[in-house]
Structures are given as C-alpha cells and as structure tokens.
Q: 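Take a look at this one; I'll ask things after.
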Amino acid sequence: MSSPTRITHLIAGAPWTGTAERTSEVFNPATGEVSGVLDLASQQLVGEVVATAKQAWQKSWGNVSLAQRSTVMFKFRELLHRDKERIAALITAEHGKVLDDALGEVTRGLEVAEFACGIPTLLKGGFSENASTRVDVYSMRQSLGVVAVISPFNFPAMVPLWFVPVALACGNAVLLKPSEKDPSATIAVAALWKEAGLPDGVINVLNGDKEAVDALLTHPDVKAVSFVGSTPVARYVYETGTAHGKRVQALGGAKNHMLVLPDADLDLAADAAINAGFGSAGERCMAISALVAVESVADELVEKIKDRMGKLRIGDGARGCDMGPLVTGAHRDKVAGYVEAGAEAGADLVVDGRTGQYDADGDGFFLGPTLFDKVTADMSIYTDEIFGPVLSVVRVASYDDGLELINANPYGNGTAIFTNDGGAARRFQNEVEVGMVGVNVPIPVPVSYYSFGGWKNSLFGDSHAHGSEGVSFFTRGKVVTSRWPDPSHGGLNLGFPQND
Ligand code: NAD
C-alpha cells in the first residue's frame, strides 16, 4: 500500500504551498484504502483567494476581447480532449465508477467547453437604429466579476464543466469548490486552463467543506453561486446566498421515475432500467430509482430485469466491470440500510445486492444491485433519494395513476416514458411536472446548447445550467440609449423622455 498523496488547492495557476489547519481523507473506493489527504480551506484563505480572483478579473480577464476569450476556449477544448483518458482514470480512482462511464462524463463536459467556444455569437446583443428620432438603442451583456461553483462528488469532471467554461467565456473569474470526496479530477481539469492561456488567478480551486462554502456564500465580492448537491444543502445554499445579495442557481437531489406503458418494447425498457438504475452504482442525479410499471406488464418486465441483473459484473472500475463500488464506506452502509428497510417494510426483494462476488482487491465499498417489486409510495425506499444501486418497481393500474404518482413526488429532475404510442408520449411530456423528460430515453441529460435543470425540490433558483440560461446567469444585461449631438436638438425639456 502506497502512502496517501497530499491534495491541495490550485491558486493563481499553482498548487498552494501553505499548511492547512484541517485536512480530510480521500479513498480509493475499489480497495477501501486512503489514497489522499486533502487540504481544507479556512474562511481566511477563501477571503484571500476571492481577492486574487477579483484582481485578475479587474486587471485582465474582465477586459479581454471576445476574440481572445474564444481562443482560450478552443485551446481548452483541445487540451481536455487530449487528456480525457487521464482524467477519466482519476475519476475512477476516487469516485469508483467504471472507466467507460468516467470517460462518458468527461465527454459530456467537453460538450459544454465546445458550446463556450461560440461565446462571440452567444453574447451578441440587439441594436435598434433610430428607435426614437436620431436615437439608437442597443443591449449588451457584461460579466459579473467573481463567481463560485460548488460541486458534488458524483460527477467530479462533468458538473464543474457545466458551469466553468460558460462563466469564464462570459468574462468572469471563478472559484471552484469541488467535493472533498473526489477532488483530483476537478483539479486536473482546472489546471488545463493555464495551458490554454487563461491568465493566472482567473480560475482557482479551493478544496473544503462547510466552512469554505459558508465563506463563499457570505463574501460580498462573490457575485453568483452555481451549486449542485443534495436538496437540503441546495436549499441552504440558495437561501444563504440570496440573503447575501447573490444570484444563485442551486441544483438539488432527485427521485427519477420511468413509466412503462403496456405497449412498450419491454426488452428496450428492461435494458434501459438496468443502465439507468445501476450505471455509476446509482450515484447519478438522473438515475432511475422508481420504475413505474402498468400492472399488466409488470410481471414480465420484472422477470426481464432480474435476468439481466444476473449478468452484471461488479468490481474495480479499472478492470472492465459493469458497476463499481459506492463512493465511501459510510455511503455503502447507508444504502444497504435502505435495502434492509425496504425488506422490512414488506416490498418484494427480488434481487438482494447485499450478497455477491466482487472483482477487486482489498476491502472496497461494494454493494451489488438490488431490485424491489411491489413498492408502495409510503416506503422509505420510495420516498427517499437513496443514491445507490437500488431499483424499486411501483405497480400502477394505468397511465393516469402513473402520472399522478410522478407529479405528487417532491422532486422533479428527470423522468422517462417507455411506450410505442406517440400520443401517450406527447401527453406525458406535456403533463409531467419534471424539468427533463425522456421518451424511450432513460437518462435525458440535455445536450450542452440546451439547459440542464430540474423542477421543484431539484432546483432552487430560476436558471438552469449551460445553454442560453447559463450565459444569461453569468452575465448582466445593460441597455444603452444614445443620441449624438445634433445641431437641431430641442433645448431644455424637463418632461419624461418620450419616443417620437
Ligand atoms: P452534498 O450536498 O453532500 O455536497 C455537495 C457540495 O456541498 C459539496 O461540495 C460539499 O462539500 C458541500 N456541502 C456538503 N454539506 C454542506 C453543508 N452542510 N454546508 C455547506 N456545504 C456543504 O452532495 P453530494 O453527496 O456530494 O452529491 C450527491 C447529491 O447531489 C445527490 O443528492 C444528487 O442528486 C445531487 N446531484 C444533483 C444534480 C442535479 O443536477 N440536480 C447533479 C449531480 C448531483
């Protein structure tokens, strides 16, 4: 066993050289070993780095031309593409998800970097010549200053990439606070900006926990906060950040439903349930955790899912397995506790993930996939976001009952319908109270030029991530009304300006 490596902040283009008052452990979830010791930022350090970022924004980046900003974006995109395998390996080593899946998340993040390359077009304003006689009116969007991005453990590359390229392309300086559970991939991606030509200090990574988050939420020079994490923390971040005058988008947790109608292709639906239920060991905000099956096809569907589950290989994500471990031992135990609770509450435990073989060395944080049938809406395996490989089948009598169940849920991140009836799918996309909807697509994560975000308890704030909403979130609008001196001006007039 090698000794844990020190993981520290990235400030003004270089690793921090100070001594941290507090640290935390980072694990390799596949072996259970401590692989890193992470420096946690103090409130004072946050203050110093906000000042560094503000200066970099004022002195350089805030005034850099669109042409130069887009050159940096294109270069960053190339570097991320070049290093995507290295970054995927870092994700697997600290998060545990299998390499293919880790590469998938980098690739989806890369799409946002590509979107940000179009910043000159995205920031084009409007111009109205002669809006009033000899008066021209035009609009522009300007950067905010220093913005903070606070990310969760489950997508250490992709979630920061939802925000950082757009924030930078819009001319802001960024303080990025990764999850303390798996920070290395986030830091590695952020380090590429220097090589891409971004001036030092425009992006900084500060590792930390509640102390660092609170310092960011209350600092007067942090103008906006993009947060992704669990619902209680998202709500807290939104309430605290907005109370301190900041613009906040706080994306929270989820309980995503997949409704299967009797006319669906059941093999397609069973494959989708496996992929969306157990991919990344269920640690995805868009994972399907509630499969809502219309009663007449439920037996057949459950049988098909059970068959497929038997073929899954669980183990070290670097060994070509289908599913890796959970992120920490504590989280694995919490998820196993839900399996226990579901069985006790009377749901049918079709496949019990607590027993099984794992292809890994050491004492990793493994838990196999679990399938429950005949789950009811009052059971904790249905009401709570488990964030693990536990799929619950809830049986309903009809489309209407399924829709009612989904709309009654307090979360509204993603959902999917499986059907061959275009009319039913169309009704569903119209009637369901969820922000991202899939039709025969189980994980409907929007492409980068649309915006990502849920409804209800899955998002606090008005703006979704990336796409046009991201550009709008990271800029402030300004409208200029101009008239150049004209010898025929009308002299003094104290009345309110009227257009003629
Ligand atoms: P988390 O809420 O525990 O942590 C998220 C971030 O908040 C981390 O950076 C963490 O350091 C910080 N944090 C944690 N507790 C805090 C506190 N008390 N005060 C201030 N800051 C605090 O979430 P997680 O476990 O890292 O991530 C999983 C959660 O994120 C799940 O609920 C998942 O659904 C959600 N998620 C949502 C989306 C989405 O798009 N809606 C995407 C990914 C993950």
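Counting from 1, the numbers follow the sequence of the chain as shown. Read the numbers this way: they start at 1 and go in the same order the structure lists the ligands and their atoms.
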Q: With respect to atom 6 (C) of ligand 1, which of G229, S179, S151 exhibits the smallest heavy-atom separation?
A: S151
Q: Give a yes/no on ligand 1: does W162 have at least one heavy atom closer than 4.0 angstrom to it?
A: yes
Q: Give me the residue, atom name and distance of the protein heavy atom closest to atom 24 (P) of ligand 1.
A: F153 CD2, 3.6 Å
Q: Side chain of K223, backbone of P220: donor and acceptor closer than 3.5 Å?
A: yes
Q: For atom 3 (O) of ligand 1, find the nearest protein heavy atom and state the residue, atom name and distance (0.1 Å precision).
A: S230 OG, 4.1 Å
Q: Let's go through Y382 and H257 carefully: what are the C-alpha distance in whole Å and the side-chain angles of both, what is the deciding distance for ring-ring contact (aromatic ring centres under 6.0 Å, His included) to 0.1 Å, and is it a yes or a no?
A: CA-CA 10 Å; Y382 177 76; H257 298 68; 5.5 Å; yes
Q: Which atoms of ligand 1 are found less than 4.0 Å from any heavy atom of E385?
A: 31 (C), 32 (O), 33 (C), 34 (O)
Q: Could you report the tightest heavy-atom contact between A173 and W57, atom names first, then the distance?
A: CB-CB, 3.9 Å
Q: For the CD atom on E21, are there more than 12 heavy atoms of other groups (residues, nucleotides or ligands in this structure) within a distance under 6.0 Å?
A: no
Q: For N154, is at least one N or O under 3.5 Å away from an N or O on ligand 1?
A: no
Q: NZ of K456: more than 12 outside heavy atoms within 6.0 angstrom?
A: yes
Q: Under 4.0 Å from a heavy atom of V213: give me the atoms of ligand 1 that qualify, with their elements.
A: 20 (C), 21 (N)
Q: Any side-chain donor-acceptor pair under 3.5 Å between E180 and S24?
A: no
Q: Suppose I only count heavy atoms of G253 and a 4.0 Å limit; which atoms of ligand 1 are within that range?
A: 32 (O), 34 (O)
Q: Among all protein heavy atoms, pick the one closest to atom 10 (C) of ligand 1 and tell me residue, atom and distance.
A: E180 OE1, 3.6 Å
Q: When R395 is tested against each of T376, D401, D373 for side chain to side chain donor-acceptor pair (under 3.5 Å), which residue passes?
A: D373
Q: Give me the nearest non-hydrogen protein atom to atom 7 (O) of ligand 1 as residue plus atom name, then the distance to 0.1 Å.
A: F227 CE1, 3.3 Å
Q: Quick one: do D221 and K54 make a salt bridge, cutoff under 4.0 Å?
A: yes
Q: Side chain, backbone, both or neither: which part of N413 comes within less than 4.0 Å of ligand 1 when only heavy atoms are counted?
A: side chain
Q: Which atoms from ligand 1 have a heavy atom of V228 less than 4.0 Å away?
A: 5 (C), 36 (N), 37 (C), 38 (C), 39 (C), 42 (C), 43 (C), 44 (C)
Q: Are any of the N/O atoms on P152, whether in the backbone or the side chain, positioned under 3.5 angstrom from an N/O atom of ligand 1?
A: no
Q: State the atoms of ligand 1, each with its element, that fall below the 4.0 Å cut-off from a heavy-atom position in C285.
A: 34 (O), 36 (N), 37 (C), 38 (C), 39 (C), 40 (O), 42 (C), 43 (C), 44 (C)
Q: From atom 40 (O) of ligand 1, is the closest protein heavy-atom distance below 4.0 Å?
A: yes
Q: To the nearest 0.5 angstrom, please state how far the CG atom of L176 sits from the OG atom of S226.
A: 10.5 Å
Q: So between L40, V233, D214, whose heavy atom ends up nearest atom 22 (C) of ligand 1?
A: V233
Q: Identify the closest protein heavy atom to atom 28 (C) of ligand 1: which residue and atom is it, and at what distance?
A: F387 CE2, 3.6 Å
Q: Tell me whether K246 at atom NZ has more than 12 heavy atoms from other residues, nucleotides or ligands lying less than 6.0 Å away.
A: yes
Q: Can you report which non-hydrogen protein atom sits closest to atom 37 (C) of ligand 1, along with the distance?
A: G252 O, 3.0 Å
Q: Atoms of ligand 1 less than 4.0 Å from I150 heavy atoms?
A: 9 (O)
Q: Can you tell me if OH on Y449 sees more than 12 non-hydrogen neighbours from other groups inside 6.0 Å?
A: no
Q: Compute the shortest N/O to N/O distance between T231 and ligand 1 and return yes if it is under 3.5 Å, no if not.
A: no
Q: Name the closest protein heavy atom to atom 18 (N) of ligand 1, giving the residue it belongs to and the distance to 0.1 Å.
A: K210 CD, 3.8 Å
Q: Answer yes or no: does atom CZ of R476 have more than 12 heavy-atom neighbours from other residues, nucleotides or ligands under 6.0 Å?
A: no
Q: Counting each atom of ligand 1 from 1 as listed, which ones have a heavy atom of K177 under 4.0 Å away?
A: 8 (C), 9 (O), 10 (C), 11 (O)
Q: I need the contact type for M286 against ligand 1. Using non-hydrogen atoms and a strict under-4.0 Å cut-off, is it side chain, backbone, both or neither?
A: neither
Q: How long is the straight-line distance from CG of N154 back to SG of C285, given to the nearest 0.5 Å?
A: 6.0 Å
Q: List ligand 1 atoms under 4.0 Å from P178, heavy atoms only on the residue side.
A: 9 (O)
Q: Run the numbers on Y236 and F227 for ring-ring contact (aromatic ring centres under 6.0 Å, His included), then give the verdict.
A: CA-CA 11 Å; Y236 168 78; F227 172 90; 9.2 Å; no
